[in-house]
Amino acid sequence: MLIRGISLSNFRNYKNLQVDFHPAYNILIGENAQGKTNLLEAILYTVTGKSHRTNNDLDLITKGEKLFYINLSGERYAGSVKIEISARADGKKLLKVNNQTQKKLSELLGTINAVLFSPEDMLLVKGGPSIRRRFLDIEISQTSPFYCHNLANYNRVVSQRNNLLKAVRDQKESPELLDVWDMQLVEFGSHIIKKRAEVIQKIEPLARSIHRKITAGREELNLSYIPSVDVNKGTEGTSMEDYFLQRLKETRSMEIIKGITLLGPHRDDIDIKVGDTDIRVFGSQGQQRTSAISMKLSEIEFMKKETGEYPILLLDDVMSELDAGRRKFLLGAVKGKVQIFMTTTEIEEVYQPIENNSRIFEVKNGKIFLVQEG
Ligand SMILES: Nc1ncnc2c1ncn2[C@@H]1O[C@H](COP(=O)(O)OP(=O)(O)OP(=O)(O)O)[C@@H](O)[C@H]1O
Ligand SMILES: [Mg+2]
């Protein structure tokens with residue numbers, strides 16, 4: 001997959017932009033606050049329907065304007081693709097994929113897949129569980145629109161169930177009303193748990209093999225799923241769904257006291273070990289970084305396995321976070337496979353390994369200038 005070009009109108013600090021990309025490396029160089037991340041955000045938003053920085057489309061419209069419009073042309077093995085997306089200040093959205101108007105944003109998923117790697121991803125290992133759940137959700141949603149749809153339903157149910165738990169606690173509603181919400185929580189939640197278990201099983205060997213290469217065979221990475229409801233429990237006679245429901249019944253009185261849903265995939269985590277050591281807690285900073293890189297790179301290989309094509313890779317300020325060895329490894333691991341968009345403030349950080357196969361752009365105050373083509 002690759003992106004041929006993009007045009008933006010009134011997106012963040014871009015009034016009007018039209019840019020054609022290189023099929024291999026695209027380097028966006030510029031000082032702080034010029035629009036480098038904004039351009040990556042525009043690409044990510046166009047291919048996934050979501051920004052990584054905000055859930056509010058209003059933030060994306062240039063201040064003082066009423067709407068933004070993005071037009072992206074790309075290429076897959078099967079031929080060229082075109083995505084047009086626009087959002088208005090009054091909340092209306094418009095999406096067209098290959099000139100066909102689409103009602104649902106999920107119709108977009110899988111048209112072009114993208115992996116974003118930013119300095120926050122270094123927290124994938126040492127940060128809280130919600131960061132790891134987000135990693136899984138983004139990865140799975142792009143390859144399974146059904147998962148994405150299910151997740152949205154699940155999140156809605158958790159939030160409404162939490163309101164009801166609080167109302168029951170305050171004796172404003174009767175506890176029996178929870179039964180119907182339990183069923184829905186189980187229905188949507190079980191699918192999420194099963195899918196996450198399946199995907200972690202698939203990415204584990206990929207991440208381990210990458211990790212072995214970065215550490216020259218010295219370290220063995222182990223990833224395992226820690227679901228809040230045991231995914232294997234339902235196998236002896238009862239279904240996992242029944243087991244989940246039974247656990248909810250056992251936990252209900254505590255849930256009412258706390259006024260929140262205590263069980264379900266919104267409480268999942270991934271266990272990350274090197275050998276026997278839980279490196280989420282005990283890893284050195286270097287070990288945590290190396291594992292985060294391995295997991296991010298496994299995401300790329302996973303998407304290739306699932307869809308038959310490599311996604312595009314967006315690297316936002318990542319190079320400055322890495323030492324020379326890890327930088328070289330990262331670029332080497334994806335070389336010739338994926339189209340890359342990377343931002344940097346210092347050209348020296350990224351230039352050497354890619355000098356012959358790239359387009360270098362300078363980003364300045366919402367404008368982009370081609371400075372070198374190799
Ligand atoms: N809706 C908006 N309308 C106009 N300008 C905006 C909007 N949202 C953000 N900006 C501006 O975009 C700029 C930030 O752009 P961006 O995050 O792309 O910077 P950057 O080049 O990635 O910088 P850094 O190197 O610090 O990461 C800021 O000047 C900010 O004020
Ligand atoms: Mg930035």
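In this text, all values refer to a predicted model and were calculated from it rather than measured experimentally. One-based numbering, in listed order, for ligands and for the atoms of each.
- Protein heavy atom in closest approach to atom 15 (O) of ligand 1: N38 ND2, 3.1 Å.
- Salt-bridge check for R133 with D268: failed, with every basic side-chain N at 4.0 Å or more from each acidic carboxylate O.
- Contacts with ligand 1 closer than 4.0 Å are made by side-chain heavy atoms of R53 only, the backbone lying farther away.
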| task | Please assess Y154 against H191 for the test ring-ring contact (aromatic ring centres under 6.0 Å, His included), listing each intermediate value before the final yes or no. | result | CA-CA 10 Å; Y154 178 80; H191 176 265; over 10 Å; no
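- Salt-bridge formation is detected for the pair R161/E255: a Lys NZ or Arg NE/NH1/NH2 atom is positioned less than 4.0 Å from an Asp or Glu carboxylate oxygen.
- The nearest heavy-atom contact from the protein to atom 29 (O) of ligand 1 is A33 O, 3.4 Å.
- Looking at atom 24 (P) of ligand 1, its nearest protein heavy atom turns out to be N32 ND2, 3.5 Å.
- Taking the centre of each ring, F341 and F21 come in below the 6.0 Å mark.
- The ligand atoms of ligand 1 that sit less than 4.0 angstrom from a heavy atom of Q34 are 19 (O), 20 (P), 21 (O).
- Close approach of ligand 1 to T37 (heavy-atom distance below 4.0 Å) involves ligand atoms 17 (O), 18 (O), 20 (P), 22 (O), 27 (O).
- For the pair K195 and Y147, the NZ or CZ position fails the cation-pi test of under 6.0 Å to the six-membered ring centre and within 45 degrees of the ring normal.
- Closest protein heavy atom to atom 11 (C) of ligand 1: N13 CB, 4.0 Å.
- Using a cut-off of 4.0 Å between Lys/Arg side-chain N and Asp/Glu carboxylate O, E220 and R212 are scored as salt-bridged.
- Below 3.5 Å of separation, one finds an N or O of D59 facing an N or O of ligand 1.
- Residue K63 has at least one nitrogen or oxygen atom sitting less than 3.5 Å from a nitrogen or oxygen atom of ligand 1, judged on distance alone.
- For ligand 1, the atoms lying closer than 4.0 Å to a non-hydrogen atom of E31 are 21 (O).
- Ring to ring, F68 and F11 are close: their centroids are under 6.0 angstrom apart.
- No part of E41 comes within 4.0 Å of ligand 1, judged by heavy-atom distances.
- Between T290 and L221, the closest side-chain pair of non-hydrogen atoms is not below 4.5 Å.
- Heavy-atom proximity to K36, at under 4.0 Å, picks out these atoms of ligand 1: 18 (O), 20 (P), 21 (O), 22 (O), 23 (O), 24 (P), 25 (O).
- Looking at Y69 and N10, their side chains never come closer than 4.5 Å, going by heavy atoms from C-beta outward.
- No hydrogens or angles considered: nothing links the side chains of Y25 and Q339 as a donor-acceptor pair under 3.5 Å.
- In terms of protein heavy atoms, atom 4 (C) of ligand 1 is closest to R12 O, 3.4 Å.
- Remark: K194 NZ is packed, more than 12 non-hydrogen atoms of other residues, nucleotides or ligands lying under 6.0 Å away.
- Nearest non-hydrogen protein atom to atom 27 (O) of ligand 1 is D317 OD2, 3.7 Å.
- Remark: ligand 1 atoms within the under-4.0 Å shell around heavy atoms of G35 are 15 (O), 16 (P), 18 (O), 19 (O), 20 (P), 21 (O).
- Among the atoms of T37, an N, O or S atom is found under 2.8 Å from the Mg ion (ligand 2).
- Ligand 1 does not have V363 within reach: every non-hydrogen atom of the residue lies 4.0 Å or more from it.
- For L58, no nitrogen or oxygen atom sits less than 3.5 Å from a nitrogen or oxygen atom of ligand 1, counting backbone and side chain alike.
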